[in-house]
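As structure tokens, the structure follows; a few thoughts come after it.
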Amino acid sequence: MAPVAMLSTIPATEAPARPGCGGALDYSTPAAVPGAKRADLTDECQSYAYKKLQTLLSDSREILIDNDQGGYTIPAKGLYPYQWNWDSALVAMGWATLDEARAWEEMTKLFSAQWDDGMVSHIVFHKPSTTYFPGPEIWGSVEKPRKSTGITQPPVAAITVRNLFEQAVNKELALTKVRELFPKLLSWHRWFKTARDPENTGLVATLHPWESGMDNSPAWDEPLRNVPVDDIPPYVRADLTHVNSSMRPSQAEYDRFLTLVYRFRAVDYDCNQLYYLSPFRVTDLCTNSVLYRANLSLRWLAELLGELDVLPEIDGWLESTRAAFSSLYDPEAKMFKSKDQLTGKLLNASTSAGFLPLFARIATPTQAQELAGTLERWLSCVKYGIPSNDPESADFEALRYWRGPIWAIVNWMITDGLRAYGFDSLAQRVESDTYELLGSGIYEYYDPTDGKPAGGGSFSWTAAMCLAWLSKAVPSS
Ligand SMILES: O=C(O)[C@@H](CO)O[C@H]1O[C@H](CO)[C@@H](O)[C@H](O)[C@@H]1O
């Protein structure tokens with residue numbers, strides 16, 4: 001696909017009209033800046049490209065400001081009215097481009113709800129809302145609503161904290177914040193080790209599809225089949241009042257999501273029991289890849305602070321994960337796969353999480369080469385990348401949430417990995433596709449077959465990716 005050449009999906013009111021420019025555009029400078037002009041482009045073309053980026057950036061800033069609830073950012077109004085864990089960690093990187101203090105605040109607010117055992121919840125219920133289910137009164141009770149959920153999400157936070165520190169202009173503030181956050185991060189990562197890898201396998205368990213962040217991924221079809229539906233109280237889904245049911249998880253999936261919540265609640269989310277009693281226990285590629293990368297970041301932060309005593313502990317985690325990770329590689333499919341810990345089998349589905357070992361830097365060079373080949377095949381089947389599910393698989397659904405649509409945050413993670421392994425042109429293809437998709441609106445996800453935006457609108461982590469990643473990645477030649 002030609003880099004950012006087709007812009008037909010941008011509504012005329014939101015983007016400047018595109019003049020007939022041949023070749024790539026320069027997004028970095030207005031044509032009016034003397035000396036900044038590319039010789040092969042007209043003033044009109046350069047100014048168009050510049051304006052397009054400025055429009056996207058200002059829309060993205062507005063979304064973060066609009067979704068700001070005072071120190072934390074909701075993912076989208078109505079659909080997701082609380083603070084979500086990995087959303088906030090990704091959104092903080094976006095905030096950092098306009099207000100560093102506000103970016104740090106996002107992290108502080110997330111960790112304000114950290115549990116005594118170290119866990120950081122997948123949702124923090126700072127303020128009441130009637131637009132989401134299941135809310136605090138389901139996770140706790142009507143009489144005693146919980147302030148946060150009893151499950152977690154992929155631990156992006158340490159990656160963010162390192163990133164915020166490295167990018168910081170105000171290094172003094174950054175160092176104070178790193179000092180504050182480091183022990184909290186360490187305690188969360190220790191919780192992963194003890195609560196989710198009590199048998200010391202090197203890979204942590206995920207006990208609920210919501211913990212994976214990729215809730216209705218086809219990878220969970222098999223293990224969810226072994227989750228019985230209990231006699232749970234009747235409930236009304238709020239998500240279907242915001243988004244069409246054809247784009248959301250099925251009722252059968254929700255029944256199982258809720259069954260798991262009620263079973264976990266029955267033991268008051270005791271982390272020593274959940275691992276053994278959950279009828280859903282998988283090795284999720286996303287969680288394990290993010291955790292490995294987050295442990296690399298945590299190690300970096302420990303060195304920054306001179307916390308050298310903890311290095312052997314973190315090195316031990318890294319080493320055991322490295323030793324175990326190849327067991328998740330399927331050489332025939334040339335793809336990493338998640339695993340069902342209860343049956344011991346690799347799960348059949350090939351999903352975009354299979355590329356995340358690149359983001360982790362844990363794929364071997366041979367595996368990375370093969371993954372790049374697999375990704376090329378996927379991209380040859382769709383107009384835009386990266387679909388969340390193998391576009392050639394029978395269960396690919398272009399608009400159903402994590403079963404096909406493109407997610408900007410996943411594109412960022414995979415692109416970061418592709419560049420680290422030297423696959424620059426593949427990375428550029430994904431960056432160009434993402435840039436073009438965002439031009440049609442800053443949404444939750446996008447249809448890989450035609451680029452149609454879908455799910456929640458004015459979506460925070462998509463806006464954050466525009467600010468923190470795409471604004472720097474768009475091709476300038
Ligand atoms: O559908 C839901 O109700 C929530 C449950 O956590 O998940 C989606 O929405 C959350 C908020 O954006 C994300 O963190 C998840 O990854 C997922 O896309």
Side-chain angles (χ1 to χ4, degrees), residues 63-64 67 69 72-92 94 106 110 120-126 129 131-136 138-139 146 148-157 160 206-217 219-220 235-245 247-251 253-258 260-261 264 280 284-287 289-290 351-353 356 388-389 399-413 442-446 454-465:
I63 287 171
L64 292 196
N67 287 340
Q69 298 292 304
Y72 72 96
T73 315
I74 56 171
K77 288 200 175 134
L79 184 59
Y80 305 121
Y82 305 112
Q83 183 175 28
W84 257 260
N85 186 326
W86 72 330
D87 294 65
S88 265
L90 292 155
V91 160
E106 187 81 29
L110 177 65
V120 184
S121 299
H122 102 291
I123 309 175
V124 187
F125 304 115
H126 292 290
S129 165
T131 64
Y132 185 79
F133 178 88
I138 299 291
W139 289 92
R146 286 207 89 90
S148 55
T149 63
I151 58 172
T152 195
Q153 259 189 336
V156 176
T160 299
T206 291
L207 306 182
H208 195 298
W210 283 335
E211 287 199 320
S212 73
M214 302 185 177
D215 312 356
N216 70 339
S217 163
W220 313 144
Y235 64 95
V236 179
R237 289 174 58 176
D239 57 325
L240 303 183
T241 63
H242 307 292
V243 177
N244 191 286
S245 63
M247 297 186 198
R248 293 287 302 175
S250 68
Q251 198 54 41
E253 282 163 329
Y254 255 77
D255 286 345
R256 285 165 178 81
F257 294 170
L258 266 298
L260 291 169
V261 171
F264 296 174
F280 180 92
D284 166 35
L285 277 173
C286 177
T287 302
S289 298
V290 168
T351 70
S352 56
L356 292 178
S388 43
N389 185 14
L399 273 173
R400 198 186 284 277
Y401 206 41
W402 289 96
R403 302 181 77 85
I406 300 162
W407 295 74
I409 59 144
V410 178
N411 279 9
W412 167 63
M413 291 193 276
I442 301 184
Y443 276 73
E444 189 175 10
Y445 43 83
Y446 300 85
S458 296
F459 213 84
S460 295
W461 69 12
T462 312
M465 287 300 103

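Numbering of ligands and ligand atoms starts at 1, following listing order. All values derive from a computational prediction rather than experimental measurement.
- A centroid separation of 6.0 Å or more is found between the aromatic rings of W461 and Y80.
- A cation-pi arrangement is present between R248 and Y401, with the terminal nitrogen or guanidinium carbon under 6.0 Å from the aromatic centre and inside a 45° cone about the axis.
- Between T462 atom OG1 and W407 atom CH2 the span is 8.0 Å, to the nearest 0.5 Å.
- Protein residues with a heavy atom closer than 4.0 Å to ligand 1 are P75, Y80, W84, W86, D87, H122, Y132, Q153, W210, G213, D215, R248, Y401, W402, W407, F459, W461, listed by chain and number.
- In this structure, a donor-acceptor pair under 3.5 Å is present between the side chains of E106 and T73.
- Under a 4.0 Å N-O distance rule, the pair R403/E253 qualifies as a salt bridge.
- A centroid separation of 6.0 Å or more is found between the aromatic rings of F280 and H208.
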